[in-house]
Q: 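The structure is given below, and queries will be raised subsequently.
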Amino acid sequence: GCGRAAPGADSGPGGGSEPYTVSLFADISGPFAPFVSHGVGGFQTAIAAINDAGGVNGRQIKLNNPIDAQSTPQGAQVAARQAVGQAPVAILVSTASTELASVASVLAGAGTTTLAVPNDDGQAVPPKPYYFSATVSSPVAAKAYANAIEQELGTLSGKNIAIVVNNAATSVAYADGLKKLVEAAGGRVSNYLKNEPTISSFTSQAGQIMQNKPDAMMINDSTTNTAIEVAALHDAGYTGAIFGGTAANDDATLKKTSDEGGDYRGPREWKTPVEGDQVWAAAEKYGHLDSAKAGVYFSKGYMLAYALKAGLEACGTNCDAKALPAAMAKASKVTAPGDLGFGASGFTADNHVLLQALQFFGWDKASGKPAALGQPISMVD
Amino acid sequence: MTASTVETASKAATGPRVKPWHLRMRSSLFLAVTLLAVTAVVTSTQFDYNIFLYNTFLLTCVGALAMNLLMGTTGLVSVGSAGFLAAGAFGGVWFDRMGLPFVACVLGGGLLAAVLGLIVSLPAIRLRGLALGLGTISVHFVVIFVVDQYQQRTPGVGVIGFNLPPLFGTTVQVQHQWAWLLLGVVLLALALVSLLGAGRTGRALRLIRDQEQIASTQAIPVTGYKMMIFAITSFLFGAQGALTGFLVGQVSSEQFTLTLAMQYLAMVMVGGLDSVWGAALGAAIFTALPFAMQHLVSAVLGAQQASLNGAKYGVIAYAVLVIAFIVGAPGGLVRLVSEGARKIQARRK
Amino acid sequence: MNNVLLAIFGGLPLGATYSLIALGMVLIYRTTGTFNLAHGQFMLLAAFVLADWQLKRPGSFVLGLALALIASGVLSAVVYKLILSRTVGQPHWVAFVATLVLGVGLDAAMSLIFDQPSYNISIPAMPHGVVDLFGVKVGWSSLVVGAIGILLSVVFIIVLRFSRLGVQVRAAGQDPVLAAQGGIQVRRVYVGAWVIGGVLAAIAGVLYGSSTIVDGSMSGMALVAVPALVLGGLDSFEGAIIGGLAIGVVQGFITVYLGGEYVNVVTYSILLVLLLALPQGLFGTREVLKV
Amino acid sequence: MSASEAPILEIADLTVTFGGVKAVTGVSSKIKPQELVAVVGPNGAGKSTLLNAISGLVRRQTVGDIRFAGQPLQELSPHRRAVAGIGRSFQNPPLVDRMSVVENVMAGAFGIRDYRVVDQLVRWRKVARSERARELQARTSLDFFGLGGIADTPTSEIAYAQRKLVDIARALMAEPKLLLLDEPTSGLGRSEHAAMADVLRRLMEPGTMTILMVEHHMDLVRDAATRVIGLQAGEVIADGATHDVLDSAEFQASLVGTKR
Amino acid sequence: MADTLLAVADLTVRYRNGALGVQGVSFEVRKGQIVAILGAAGAGKTTTVRGISGFLRSEGARVIQGDVTFRGKNITNQEPHNVSRLGLFAVPERRKIFANLSVQENLEALGKGMVTGDRRAEVEALIFDLFPVLGEVKKKLAGRLSGGQQQMLAIGRALMVDPKLLIIDEMTLGLHPSLHEPLFEAVQRIASTGSAVLLVDESTGNTLEVAQHCVLLKAGQVWAAGPSSDFIGNELLVAGYVGE
Ligand SMILES: Nc1ncnc2c1ncn2[C@@H]1O[C@H](COP(=O)(O)OP(=O)(O)OP(=O)(O)O)[C@@H](O)[C@H]1O
Ligand SMILES: Nc1ncnc2c1ncn2[C@@H]1O[C@H](COP(=O)(O)OP(=O)(O)OP(=O)(O)O)[C@@H](O)[C@H]1O
Ligand SMILES: [Mg+2]
Ligand SMILES: [Mg+2]
């Protein structure tokens with residue numbers, strides 16, 4: 001498309017001293033900002049660290065100021081056009097998936113390497129050579145849930161699984177995927193409940209769920225809803241495991257659900273920096289400690305920036321916007337100081353997702369800290 | 001009675017705040033010419049993304065003009081505009097999937113919204129003020145529920161929403177062409193709103209706004225007029241929704257939030273109620289504000305802070321600005337300007 | 001049968017929360033004619049203050065609670081003084097829009113100040129157990145919320161019924177200038193109502209927050225409580241309580257018989273019908289329009 | 001009976017009930033063209049309510065028969081009654097504060113369909129012409145009431161008595177056949193009553209207008225009215241030529257309000 | 001003077017649009033006096049009253065010049081409730097009542113100055129004697145009363161506070177003539193107890209009869225002022241009123 005007014009090729013050649021220009025747009029305001037805006041801190045921390053360590057191929061990376069996509073499709077369009085117009089060698093993105101989808105045509109027109117925090121679920125942007133992400137798509141995530149539940153129960157066959165989700169398209173997609181897998185494995189989805197964004201009671205639903213005596217549960221909901229749901233389920237006598245969603249995996253939620261007596265596990269796609277480790281120190285050094293503390297999106301940004309470094313290295317000194325996508329795809333192994341993955345990180349060949357494993361966490365009352373439960377769940381076949 | 005029966009103690013000349021037909025028309029014409037000139041300048045000097053930004057302003061103008069007619073002139077407080085936008089956008093999607101051409105999709109989206117508006121007007125006939133506001137919130141939730149169900153139940157669409165085909169192909173000129181197309185739409189909306197807002201209808205609408213109980217005794221079919229206004233403004237919102245879908249290329253139920261509806265309320269209040277200039281200025285301010293705030297914050301706090309918290313400061317500044325207008329300049333920007341001009345004139349004398 | 005009980009006992013605690021929220025909004029509406037859509041943000045502020053206090057000083061509660069109530073009360077008074085006292089004479093919906101925009105701004109401001117992703121509140125004396133009511137298990141904590149709501153409204157009803165304050169409050173709400181001219185300390189009545197409204201919001205926020213996680217989404221609760229408010233009648237304390245409980249139970253039935261995703265759409269459809277059939281709600285005063 | 005003798009307004013057994021209380025009770029009366037009838041009576045007698053019933057503002061609460069020029073009104077909505085030729089002013093003038101005085105007056109001409117909504121969108125010439133004529137008419141009318149000087153003033157800024165007159169001027173714009181006036185002189189000084197009487201006479205002059213007026217000021221009633229209807233507690237207690245009613249001792253106390 | 005209750009000096013009120021509602025109006029009201037303000041429509045009577053009672057801000061008006069002194073205190077541009085606390089009660093133009101309160105509640109919707117105990121019973125008896133209808137509709141919402149009944153209620157409210165200075169704008173507006181006489185008598189009774197009354201009324205004759213002093217406004221300025229007796233049947237009055 002539309003974005004060809006400003007092709008991204010002229011940042012290329014030049015001497016070894018000229019920096020690589022990289023653009024960045026993100027949902028800095030609007031409803032998604034509380035989560036995804038922290039990806040920006042991750043990008044910035046990593047790139048500052050890379051530059052201080054001498055850059056890539058002897059060249060520095062010039063990261064432009066972030067452009068606000070405002071958590072709206074229109075905002076994202078303006079932002080993406082502006083980013084493309086900066087003629088970068090690559091574009092970094094930290095928006096929610098709806099915004100990303102709305103700029104698909106702009107990005108496709110430019111063909112510039114795009115490293116994005118969210119995934120597009122393989123729908124709006126069919127896997128494209130230039131597109132790389134740090135978040136799994138819902139079919140893959142659903143598989144991870146099914147694996148985790150199977151790990152817990154030994155088998156899915158003959159088991160009752162209850163599902164509770166926020167009635168938002170993304171969460172519903174995870175739940176639909178899980179339902180299919182459970183049923184395919186001979187299990188039964190005993191309750192499949194959808195919720196409004198704000199609830200303040202779950203007593204009735206918990207009662208309904210208990211009538212079917214589930215063996216395990218999946219809850220994919222907001223933090224506040226999750227807390228209410230886990231408490232109500234506990235009150236109603238449920239004692240089994242509850243596998244939570246990626247939106248409710250923070251420390252406070254883990255603590256609260258544990259206080260309420262539920263066996264709740266929050267999935268984390270990435271480790272979060274902890275005081276004393278390398279990433280924490282870097283975040284502190286470059287002034288992004290607040291983002292680092294805010295959780296997993298920081299980690300996604302951080303890792304994607306190192307993925308960019310790997311791609312640029314593979315691409316060589318004279319790398320330009322045209323050559324980068326192909327080189328990027330070869331970055332099947334990405335390492336970063338204080339690696340934040342639960343397994344090896346590198347882009348999968350088929351859908352260019354960086355992440356390869358996921359870990360469920362619960363609250364350890366004794367230490368007052370989150371603790372890993374079970375093994376990391378692999379997300380590659 | 002003789003001319004001197006009623007004494008007037010006023011010592012200063014006072015101008016009419018509301019003008020007769022020809023003056024209203026003149027100010028609308030002036031707005032049309034201004035928009036034309038701005039479009040010409042923007043399309044010939046600006047880059048792709050700036051033109052896109054300008055295009056979103058033009059789209060917002062359509063809704064702001066509709067809101068101005070609905071709330072400013074007729075006094076119907078509606079928080080349902082996001083619902084109407086959604087109805088239009090999804091109508092556009094629906095007709096597009098039926099294989100209809102672009103123009104039919106936009107008109108169809110508008111008509112669908114207009115039908116919805118007619119339905120909404122049924123409660124509006126009995127409700128006023130706050131109750132109407134709350135009633136339209138209900139309508140919002142119902143519409144969003146329906147389009148969300150449509151989205152969720154359409155195979156292969158779920159998460160992301162619907163894609164719409166690019167209108168002018170993939171040439172470089174695409175945003176330019178959009179700008180002229182949208183200008184045409186805005187001018188049509190402007191003509192509609194100002195012609196209805198002036199003259200016989202305009203006076204009737206204002207009587208309904210301020211003295212609803214007695215408007216009928218002045219031969220005004222209050223019910224019919226409210227229905228007409230709801231239908232017309234909903235049509236405008238619907239057409240805007242469909243156009244936005246085509247411009248952006250994507251429609252998803254999540255885009256149509258209550259906050260968006262509020263924006264239109266705040267927009268006409270900041271710009272100035274019952275004035276087409278107010279609507280246009282409001283639309284301009286609300287389109288530019290997020291960007292201006294971003295720049296302001298990064299100038300004041302540095303790029304680092306701006307990237308992290310800039311938007312939050314921006315939102316705070318936005319809230320402060322809107323509230324300052326509501327509190328300090330009840331007539332909005334338009335009144336502020338006209339009173340300023342009047343003062344300067346008075347001083348010259 | 002079991003489903004009916006589930007719906008009722010599931011809905012009542014929910015309704016108790018609505019009631020508590022509605023109570024504060026009714027007080028402010030009745031006194032100053034402002035439909036305060038920033039009420040959820042007042043709740044949130046109190047919850048944040050207390051939660052932050054508990055995070056930094058685990059185990060201490062009373063002082064934090066006092067701070068939370070004060071914070072919300074003061075914010076409420078400031079909002080009234082700086083903003084709403086200046087929209088007097090403009091149509092009702094001007095204040096309505098002002099509080100909406102205010103809410104958006106407050107959300108942003110609070111997310112700057114309270115920058116953890118989420119917080120916890122634990123109320124020491126809050127019973128954690130479960131009561132078995134005819135086979136349905138209901139948490140004690142929601143019963144406590146309901147009891148507090150009912151208690152507070154009884155207090156309001158008594159105070160306003162049996163003193164001239166009730167009439168003064170309503171007079172000030174209808175026509176501040178005329179009321180002032182009759183010697184009513186309109187300003188004091190207004191600020192008082194806003195402060196008490198803020199404190200009520202704080203109580204609601206703390207109680208609700210203790211049953212869940214405290215994060216920015218709490219401010220959406222006020223909007224969810226609107227149908228309860230309208231059902232009860234915008235200006236009636238009895239109405240706030242009964243409307244809240246009724247809507248809670250209705251939502252209990254919706255979740256049990258239709259599913260959770262239908263809650264909003266059905267509730268708001270009911271609201272629409274209600275506005276048409278009974279605009280003054282169950283207990284509200286009908287506005288007089290006469291030529 | 002000749003055509004002109006046929007009543008223009010015929011009220012038969014009209015009763016208006018508000019929540020069980022009858023504000024107007026079994027009122028019957030015939031008003032002939034070109035009459036200027038004054039309705040007098042104590043406060044709360046039902047005078048304004050009677051006007052409301054005729055103009056259709058209290059339709060639901062009303063039983064009985066009202067005919068205007070032979071046409072039954074009961075089924076007609078207020079705006080159709082206005083179109084049929086019933087105009088009115090109000091006890092407390094309901095004007096649009098945010099419009100200029102002249103525009104308020106012009107708003108009264110809505111019932112005259114010199115152009116329609118669709119014309120407004122396409123036939124601009126015609127609209128402009130009509131608008132100019134309408135504005136001229138409104139200004140002339142304001143001059144007639146001595147309000148020419150405030151024609152362009154925002155209506156929020158004029159004094160109460162001026163509002164009353166503007167309200168009447170607005171009612172006249174539609175050139176009604178039957179004009180209902182609710183206390184046209186309240187708020188006007190006594191010396192202005194004579195001027196009002198003069199206005200009323202001049203309105204009657206062309207011989208096309210019938211006026212039904214609620215009034216407390218007996219000097220004006222005496223001066224202008226051809227007939228008086230006395231209302232008390234919702235019932236007609238007197239109906240006859242002005243002087244007969246005003247001078248009859250039995251109605252003095254209750255209706256006219258002079259010495260008890 | 002010692003018994004001066006209200007002194008208005010050089011009062012100039014400007015409306016938001018810049019119009020001067022009144023300009024340089026001066027007069028005094030003494031204890032026990034009834035003072036009438038006369039003038040044609042739009043002459044500035046209501047504006048003068050507003051300037052005194054503080055009922056300005058909601059009309060977008062301000063006293064820009066001059067002083068209003070009540071019982072020795074400067075009350076220029078004061079808030080209405082402060083003015084009211086000093087014992088000044090104004091019945092504004094156009095039947096200002098609380099439409100959504102009942103008649104009884106309207107009579108109680110007053111601040112500290114409201115009469116209590118035995119005095120209250122007395123005052124209520126007086127009100128319901130003066131306006132018997134009000135006694136019959138105590139529970140009715142005031143907004144549903146007839147025009148005249150609302151005016152009665154507005155005046156009734158004023159009596160509930162035993163004001164030191166009672167200002168009534170357009171007292172007999174919409175009231176049936178049979179009520180005029182008792183009302184003017186009541187006003188005289190109030191003045192005779194040592195309070196004072198500032199009266200604006202359309203029925204000039206009655207007003208001049210009860211008033212001791214009279215201020216005639218024309219086009220926002222004092223056209224003439226003096227003892228009422230000077231005005232009765234005076235040419236000047238006619239000139240000022242009708243305007244030549
Ligand atoms: N709110 C306002 N804004 C601007 N001008 C006003 C306002 N109210 C009154 N005026 C002007 O002030 C002048 C005096 O008006 P005022 O109401 O005091 O007259 P009045 O003597 O009380 O007349 P009336 O007998 O009609 O009540 C008039 O010219 C009027 O137009
Ligand atoms: N909408 C209403 N609801 C209830 N009662 C009403 C309503 N309208 C009028 N009334 C009552 O009906 C009676 C007649 O009122 P109406 O206004 O017709 O009196 P009126 O003769 O015009 O008196 P006034 O001279 O005081 O204006 C009054 O007792 C009044 O309280
Ligand atoms: Mg009347
Ligand atoms: Mg006056």
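Atom set for the values below is all heavy atoms of this structure, side chains included, hydrogens, waters and symmetry mates excluded. Below, chains carry the letters A, B, ... as their sequence lines are ordered, and counting in each starts from 1.
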Q: Heavy-atom pairs under 4.5 Å with chain D: which of B:Leu196, B:Thr223, B:Val222 has the most?
A: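 Top option by heavy-atom pairs under 4.5 Å: B:Leu196.
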
Q: Between D:Ser55, D:Ala109, D:Ala159, D:Ala82, which has the largest tally of heavy atom pairs under 4.5 Å with chain B?
A: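 Most heavy-atom pairs under 4.5 Å with chain B: D:Ala82.
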
Q: Does any donor atom in the side chain of D:Gln91 or D:Ser186 lie under 3.5 Å from an acceptor atom in the other side chain?
A: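 No pair is found: no donor N or O on one side chain lies under 3.5 Å from an acceptor on the other.
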
Q: Quick one: does any side-chain atom of B:Arg200 pair with a main-chain N or O of D:Tyr115 as donor and acceptor, under 3.5 Å?
A: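 A pair under 3.5 Å: yes.
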
Q: Can you say whether B:Ala215 sits under 4.5 Å from chain D via the side chain, the backbone, both, or neither, judging by heavy atoms?
A: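 No part of B:Ala215 comes within 4.5 Å of chain D.
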
Q: Heavy-atom pairs under 4.5 Å with chain B - which of D:Pro176, D:Ser130, D:Ala128, D:Gly148 has more of them than the others?
A: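 The candidate making the most pairs under 4.5 Å is D:Ala128.
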
Q: Go through D:Leu121, D:Val83, D:Val102 and name the one with the most non-hydrogen pairs under 4.5 angstrom from chain B.
A: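 Heavy-atom pair counts peak at D:Leu121.
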
Q: I'd like to verify something: which residue of D:Leu95, D:Leu180, D:Ile158 has the highest number of heavy-atom pairs under 4.5 Å with chain B?
A: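 Of the options given, most contacts go to D:Leu95.
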
Q: Please confirm whether the ring centroid of D:Phe110 lies under 6.0 Å from the ring centroid of B:Tyr225.
A: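 Aromatic pair counts; centres sit under 6.0 Å.
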
Q: If I measure from the heavy atoms of chain B, does D:Arg80 come under 4.5 Å with its side chain, its backbone, both, or neither?
A: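 When you check distances to chain B, no heavy atom of D:Arg80 falls under 4.5 Å.
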
Q: Looking at chain B, which one of D:Met173, D:Arg81, D:Met106 has the largest number of heavy-atom pairs inside 4.5 Å, strictly under?
A: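 Ranked by contacts with chain B, first place is D:Met106.
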
Q: What part of D:Gln120 lies closer than 4.5 angstrom to a heavy atom of chain B: side chain, backbone, both or neither?
A: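 Both backbone and side chain of D:Gln120 come within 4.5 Å of chain B.
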
Q: Within a reach of under 6.0 Å around CZ of D:Arg116, are more than 12 heavy atoms found that belong to other residues, nucleotides or ligands?
A: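 No, the 6.0 Å shell around CZ holds no more than 12 heavy atoms from other groups.
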
Q: Which atoms of B:Met25 are under 4.5 Å from chain D, going by heavy atoms: the side chain, the backbone, both sets, or neither?
A: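 The answer is neither part of B:Met25.
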
Q: Answer yes or no: is there a donor N or O on one side and an acceptor on the other, between the side chain of B:Arg206 and the main chain of B:Gly202, under 3.5 Å?
A: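 The answer is yes, because a donor-acceptor pair under 3.5 Å joins these two groups.
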
Q: So, does B:Asn68 use its side chain to make a donor-acceptor pair with the main chain of B:Ser275 at under 3.5 Å?
A: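 At least one qualifying donor-acceptor pair exists.
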
Q: Under the side chain to side chain donor-acceptor pair (under 3.5 Å) criterion, do D:Asn52 and D:Arg88 qualify, and how do the steps go?
A: CA-CA 9 Å; D:Asn52 288 347; D:Arg88 71 168 291 178; 2.6 Å; yes

